[in-house]
Amino acid sequence: MLLTDKKIAIIGGGPGGLTLARLLQIKGIDVKVYERDINKDVRIQGGALDLHTDSGLAALKAAGLLQAFEAKYRHGAEKTRVVDNQAKVYYDQHTEDTVTTFGDQNHRPEIDRGPLREILLDSLKPDTVVWNSHILTLEPDGAGWKIIFQNGNSAVADIVIGADGANSKIRPFVTDNKPVWAGVTMIEGTVPNSEKTAPNIHKLLKDGKIFAYGNDKTLIVSSKGDGDFGFAVSLKTDEFWVRNSGIDFKDNKQVLAWFKKEFHEWGGVWQELFSNEKSLFIPRPQYCMPLHQSWKAHSNITLLGDAAHWMPPFAGEGVNMAMLDALQLSIFLTNETLLNVQTAIDTYQKQMLNRFTKVGNMTMFNTKWMHGPRALQNMLDMFSNNLFKQLTFIVKMWLSTSFIPFIKKVSGTST
Ligand SMILES: Cc1cc2nc3c(=O)[nH]c(=O)nc-3n(C[C@H](O)[C@H](O)[C@H](O)COP(=O)(O)OP(=O)(O)OC[C@H]3O[C@@H](n4cnc5c(N)ncnc54)[C@H](O)[C@@H]3O)c2cc1C
């Protein structure tokens, strides 16, 4: 076997890294996950995630974890309401049936980030994850790597997999490619105990999701199983807006004042998002890795998930791509017919980067229209029962995913 007697170090215990650890461990491979969080009880922020049949759910199925997922996902949490900036409802999935059959392409079950992490952690052998291991850098060590941590510790491994997310420390050891500015800044927030602290939005949310559009701005609200909700507002800005805005995002009064000014055309109900003093806000300037990126395969290191192909979250594909990367990489690394580890990594990377070109194109297409004047209408067309409207949208999408790469390739423009 390609990995006989090899130590594998996965850097980052997010959905991508933990899925890979599980998939390798069930094949008997020696794997450790180094995660910067202090321990497993750290509360994971962020809204719920919908897993897709051919990617996130396919990885869980291969990992033998579909039953555990079925026990923990939030039935009905995928139900979406599309509203305008005054919170007027234009489309409501709560009034119709959504697909709930596992295996159906249209089934998009939602799970909170915490329970998803729990399922993956519980599936691993004790001590697979080494907590409080914030990686600073790597140093070559024979044919492998020495991994240096912020706390002064170090470890060695034959093969390193960078699964350490958007601002990966491992990426520069694999490629010179850098994320490209996507033109949008997102402010992510969590509202605790929303029934009490944001009652009007809580009612509108109905334990599901809200997509709101107006004035070239977007808001996504996502219920959580613990009574909180997560949300993200986004708008077009320049790349350094967060740094230059002078806003202290830990000072909730300053964030509310900014929202009132910048979203002054939006109805007063949305101010509930920013009015709770216990809410937490994270500004997230949005970047995308170059859509046509490639890099040479190494024999002892590669990337997966956001570390490989960070992109804005406007296609809902990030976690699904990270888990599918883990599945594909595990398949190639354990394929007896491949010549060596470098060939396995090369085969994985070609598939993963190809897939990213398509998904990244769709993501950037969505990022653009969701922050344009027709956002609400486009979203309604997408959900519409009107075949002509749906087809128009699909053609636009197809033009974006098929022609743009072609045009760019032909014209030689970079992304
Ligand atoms: C506001 C928002 C909403 C989103 N909504 C969706 C959605 O609806 N659907 C969807 O599919 N995707 C969504 N995404 C994207 C999704 O969260 C990511 O694509 C996904 O989490 C990527 O998984 P990953 O395992 O590659 O990286 P991550 O989830 O980022 O995990 C990386 C892990 O590495 C650890 N780490 C980082 N640096 C170090 C270091 N130096 N040393 C050690 N450990 C380190 C981190 O603590 C973390 O545990 C959203 C993202 C945001 C910001």
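Whatever order the structure lists ligands and atoms in, that order sets their numbers, starting from 1.
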Nearest protein heavy atom to [atom], by residue and atom, and its distance?
| atom | result |
| --- | --- |
| atom 7 (C) of ligand 1 | Leu49 CD2, 3.7 Å |
| atom 47 (O) of ligand 1 | Glu35 OE2, 2.7 Å |
| atom 36 (N) of ligand 1 | Arg36 NE, 3.7 Å |
| atom 32 (C) of ligand 1 | Ala163 O, 3.5 Å |
| atom 26 (O) of ligand 1 | Asp306 N, 3.0 Å |
| atom 42 (N) of ligand 1 | Ile135 N, 2.9 Å |
| atom 30 (O) of ligand 1 | Gly165 CA, 3.7 Å |
| atom 34 (O) of ligand 1 | Gly12 CA, 3.3 Å |

Is it true that Asp158 and Lys7 have a side-chain N and a carboxylate O under 4.0 angstrom from each other? no
Strictly below 4.0 Å, N to O, side chains only: are Arg74 and Asp112 in salt-bridge contact? yes
Backbone, side chain, both or neither: what part of [X] comes under 4.0 angstrom of ligand 1, heavy atoms only?
| X | result |
| --- | --- |
| Gln150 | neither |
| Glu188 | side chain |
| Pro313 | side chain |
| Glu110 | neither |
| Ser133 | backbone |
| Met321 | neither |
| Val319 | both |

Given Arg284, Arg108, Arg113, Met186, identify the one with the heavy atom nearest to atom 3 (C) of ligand 1. Arg113
So, Phe102 versus His107, ring centres under 6.0 angstrom or not? yes
With side-chain contact (heavy atoms from CB on, under 4.5 Å) as the test, pick out the partner of Phe231 among Val191, Ile201, Ile220. Val191
